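Remember, it's 1-based here, ligands and their atoms both numbered in the order they're listed. Being a predicted model, the structure only gives us computed values, none of them experimental. Throughout, numbering of the chain's residues begins at 1 and tracks the sequence.
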Amino acid sequence: MTNKYMYFIANWKMFGNLGTLNSVKKVIKFLKTFKKSKKIKIIYCPPNTLINLMSEKFLKTRIEVGAQNCHESMSYAPLTGSVNPSMLRSVGAKYVIIGHSENRQSGETDKLINLKVKAAIKVGLKVIFCIGETLSQKRKKITKQILSRQIKLGLNKVQRTKNIIIAYEPVWSIGTGVIPKSSELLKTIDFIKDKVRNNKVLYGGSVNPKNIRELKLIRNIDGFLIGGASQEAKKFIDIIKKTYN
Ligand code: PEP
């Protein structure tokens with residue numbers, strides 16, 4: 001059982017519609033009855049289309065809402081299809097995920113990620129900053145170099161670093177059902193904590209109601225970024241319950 005303050009961040013990716021939005025009612029109901037709720041921080045990151053509705057639903061609850069990415073520009077601009085951090089704030093987002101591997105894989109560089117982080121922090125969003133190595137980088141045993149580089153470049157000259165939460169997400173673990181060995185994860189999280197000092201460090205990658213029993217025992221993890229399993233209220237609630245029991 002943990003007495004630590006833990007984060008549970010739901011990354012809905014490009015899933016979710018008005019129907020699935022109803023599933024969060026169950027989570028709200030569960031939280032009202034959950035004894036240890038004072039030590040929980042729950043953040044839902046739905047697609048942008050649901051941010052407004054979700055933040056209205058979560059009024060008077062302790063659940064907060066975040067976005068999954070943003071444009072690096074702080075001003076309004078003729079950029080078709082883009083959404084800047086102020087626009088996200090204006091519809092109720094308090095957080096934004098930046099540097100997710102799915103976006104790094106589709107071309108986001110460390111430099112671009114750094115601009116996004118700076119823009120988001122400047123308008124008052126908190127940033128869930130994702131880092132992680134690919135399978136081939138892991139096999140080459142260069143995980144530490146990769147993580148150091150992502151942190152150094154992605155957070156270069158970032159002000160208000162207390163508004164950054166790090167999510168360590170090994171790319172080979174996302175959506176695959178495979179998680180790192182506990183001993184390995186402990187060491188990697190320690191390595192990251194050594195670099196960032198005062199930031200919370202979460203783990204993300206195939207967290208589910210089964211493996212949470214193993215993951216929750218890793219003492220230096222401050223919470224979880226949860227993709228697939230966060231879309232079903234029952235699984236999400238189970239993960240939370242089992243973390244504390
Ligand atoms: C993610 O995409 O951030 C993630 C952790 O996904 P999953 O839980 O589905 O592996």
If you count every heavy atom of other residues, nucleotides or ligands that lies below 6.0 Å from K210 atom NZ, does the total exceed 12?
no
G228 N/O to ligand 1 N/O under 3.5 Å:
yes
Measure the distance from atom 1 (C) of ligand 1 to every protein heavy atom, then report the residue, atom name and distance (to 0.1 Å) of the closest one.
H100 NE2, 3.2 Å
With D110, the salt bridge (charged side-chain N to carboxylate O under 4.0 Å, His left out) member among K116, R104, K152:
R104
N or O contact, G205 vs ligand 1, cut-off under 3.5 Å
no
Mind checking the CD1-CZ spacing from I189 to R219? Nearest 0.5 Å is all I need.
11.0 Å
S206 heavy atoms, cut-off 4.0 Å: which ligand 1 atoms fall inside?
7 (P), 8 (O), 10 (O)
Can you find an N or O of G227 that's nearer than 3.5 Å to an N or O of ligand 1?
yes
Starting from atom 2 (O) of ligand 1, locate the nearest protein heavy atom and write down its residue, its atom name and how far away it is, to 0.1 Å.
K13 NZ, 2.5 Å
Under 4.0 Å from any heavy atom of N11, which atoms of ligand 1 are there?
1 (C), 2 (O), 3 (O)
For E72 and A119, which heavy atoms make the closest approach, and how far apart are they?
O-CB, 3.3 Å
Check I174 against ligand 1 and report side chain, backbone, both or neither, counting heavy atoms closer than 4.0 Å.
both
In the protein, which heavy atom is nearest to atom 5 (C) of ligand 1, and how far is it?
E169 OE2, 3.0 Å
Given the side-chain rings of Y44 and F236, with only the six-membered ring counted for Trp, is the space between their centroids under 6.0 Å?
yes
Could you say whether the N/O atoms of T176 and ligand 1 ever approach to under 3.5 Å?
no
Above 12 or not: heavy atoms from other molecules or residues under 6.0 Å from CD of Q105?
yes
How about S86 and Y76: does a side-chain donor come under 3.5 Å of a side-chain acceptor?
no
